[in-house]
Engineer: 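I'd like to ask some things about the structure below.
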Amino acid sequence: MIEFGVLFAQGGIDAFTPLQAISENGMAALAVGLAALGAGYAERGIGSAAIGAIAEDESLFGTGLIMTVLPETLVILALVVVFLVG
């Protein structure tokens with residue numbers, strides 16, 4: 001593995017670690033973005049399964065709605081991290 005600090009030192013740029021290259025707010029934004037990406041990916045399968053179940057039995061609407069909303073809590077928790085860090 002190549003050390004980023006060595007590369008920057010050889011290029012005449014002050015050496016810093018990759019963690020110093022991203023500010024705390026940038027890391028928090030990255031966390032929210034990745035959480036939203038994961039939630040969207042999870043909702044892809046859950047949403048289609050919920051719609052299929054509701055199409056067969058309308059009484060499953062509430063359950064399908066809750067299962068669809070559940071991954072969104074991941075993004076809400078990521079937003080809590082933003083407020084704690086920032």
Side-chain angles (χ1 to χ4, degrees):
M1 183 174 164
I2 299 172
E3 293 285 334
F4 288 106
V6 173
L7 288 176
F8 287 112
Q10 291 175 349
I13 301 172
D14 291 336
F16 61 91
T17 63
L19 291 179
Q20 292 173 333
I22 302 173
S23 67
E24 289 181 0
N25 289 337
M27 287 186 202
L30 184 64
V32 171
L34 290 174
L37 183 68
Y41 186 75
E43 284 189 23
R44 173 187 59 95
I46 295 171
S48 62
I51 292 299
I54 292 169
E56 291 184 12
D57 186 4
E58 291 182 9
S59 67
L60 294 175
F61 177 76
T63 304
L65 183 64
I66 290 172
M67 292 298 175
T68 304
V69 174
L70 208 55
E72 290 297 324
T73 58
L74 181 69
V75 179
I76 292 170
L77 290 176
L79 285 173
V80 169
V81 170
V82 167
F83 290 119
L84 289 176
V85 172

Engineer: Evaluate the criterion side-chain hydrogen bond (donor to acceptor under 3.5 Å, both in side chains) for residue pair Asp57 and Ser59; output intermediate values, then yes/no.
Structural biologist: CA-CA 5 Å; Asp57 186 4; Ser59 67; 2.9 Å; yes

Engineer: Please find the pair of heavy atoms, one from Ala35 and one from Ala78, that lie closest to each other, and give the distance.
Structural biologist: CB-CB, 3.6 Å

Engineer: Can you tell me how far the OG1 atom of Thr73 sits from the CG atom of Leu79, to the nearest 0.5 Å?
Structural biologist: 11.5 Å

Engineer: Minimum heavy-atom separation for Ala39 to Leu74, with atom names?
Structural biologist: N-CD2, 4.4 Å

Engineer: What distance separates Ile54 CD1 from Thr68 OG1, expressed to the nearest 0.5 Å?
Structural biologist: 7.0 Å

Engineer: Rounded to the nearest 0.5 Å, what's the gap from CD1 on Ile66 to CG on Leu60? Could you check?
Structural biologist: 11.5 Å

Engineer: Which atom pair, heavy atoms only, marks the closest approach of Met67 to Ile46?
Structural biologist: O-CG2, 3.2 Å

